[in-house]
Amino acid sequence: MAITTTGFSHVRLTVRDIEASRRFYDAVFGWEVAFALPDDADEQTREELWFLFGGVIYQVPGGLFGLRPVAPGDDTFSENRVGLDHVAFAVPARAELDRAIEVLDELGASREDVKDAGAMWILEFRDPDGIALELSAPK
């Protein structure tokens, strides 16, 4: 018997440098932080927020998106290995992809041009760890 789901609860990516990743995700998406360990956290707070693993969790439409800084400094992402291929975020219209190009170019982020993917437009880009991300807009 199949398991009934109602959507995604959360996604968490493993990153090398939490400061660089936070700067990037803050600049690109501007999401509200749902959970982060305060700099002056006492031991009780650290125990209560154990699930952060030194990272951050953002509130995104439909769930949570986290960054977990435990990857070794020389590790690299590849969508051609077992695991994650990419994460795609929906945007309301094609114009948002054009605006995203400006943001990504300002940050010096690696990106492709907007592509026609049949029923949608897509914009592929990479975060500071080279993790493949995508924005998709309906036609």
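Throughout, numbering of the chain's residues begins at 1 and tracks the sequence.
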Exercise. With the side chain counted from C-beta on, respond yes when L123 and L104 share a heavy-atom pair under 4.5 Å apart, and no when they do not.
Key: yes

Quiz prompt | Minimum heavy-atom distance A109-F24, with the two atoms named | solution = CB-CE1, 3.9 Å

Exercise. Check whether any side-chain heavy atom of L37 sits under 4.5 Å from a side-chain heavy atom of R46, and report yes or no.
Key: yes

Quiz item: Once the angle between the rings of F89 and F65 is folded into 0 to 90°, is it parallel (under 30°), tilted (30 to 60°) or perpendicular (over 60°)?
Solution: perpendicular

Quiz item: Any side-chain heavy atom of F35 within less than 4.5 Å of one from Q59?
Solution: no

Practice problem: Name the orientation class of the two ring planes belonging to F29 and F125 (parallel below 30°, tilted from 30 to 60°, perpendicular beyond 60°). | Solution: tilted

Self-check item: N-O pairing of E124 and K115 below 4.0 Å
Solution: yes

Quiz prompt | salt bridge (Lys or Arg N to Asp or Glu O under 4.0 Å) between D74 and R16, worked out | solution = CA-CA 8 Å; D74 61 348; R16 294 178 295 194; over 6 Å; no

Quiz prompt | Which atom of A34 lies closest to which atom of L64, heavy atoms considered | solution = CB-CD2, 4.0 Å

Quiz item: Would L107 and R23 count as a side chain to side chain contact (heavy atoms under 4.5 Å, CB included) if you check the C-alpha gap in whole Å, the side-chain angles of each, and the deciding distance to 0.1 Å?
Solution: CA-CA 10 Å; L107 293 171; R23 279 192 304 274; over 6 Å; no

Practice problem: Provide the closest heavy-atom pair for I18 versus G55 in the form atom of the first, atom of the second, distance. | Solution: CD1-CA, 4.0 Å

Quiz prompt | Over 12 foreign heavy atoms within 6.0 Å of CZ, F8 | solution = no

Practice problem: Identify whether NZ of Lys or CZ of Arg in K139 sits under 6.0 Å from the centre of the six-membered ring of W121 and within 45° of that ring's axis. | Solution: yes

Quiz item: Going by heavy atoms in the side chains, are I131 and V87 under 4.5 Å from each other?
Solution: no

Quiz item: Are any non-hydrogen side-chain atoms of E96 and L135 less than 4.5 angstrom apart?
Solution: no

Quiz item: How far apart are the closest heavy atoms of T76 and R81, and which atoms are they?
Solution: O-NH1, 3.1 Å

Self-check item: Validation row: Y58, D26 side chains within 4.5 angstrom (heavy atoms)
Solution: yes

Quiz item: Side-chain contact, heavy-atom cut-off 4.5 Å: P69 with D17?
Solution: no

Exercise. Please determine if R126 and E79 form a salt bridge, counting it only when a charged side-chain N lies under 4.0 Å from a carboxylate O.
Key: yes

Quiz item: Taking NZ, NE, NH1 and NH2 as the nitrogens, is one of them in R94 or D98 under 4.0 Å from a carboxylate oxygen of the other?
Solution: yes

Practice problem: Report yes if some heavy atom in the side chain of I122 is under 4.5 Å from a heavy atom in the side chain of L97; otherwise report no. | Solution: no

Quiz item: Which atoms form the tightest heavy-atom contact between P128 and A20, and what is the distance?
Solution: CG-O, 3.8 Å

Quiz item: When you check the gap from the basic side-chain N to the acidic O, do E102 and R99 get nearer than 4.0 Å?
Solution: no

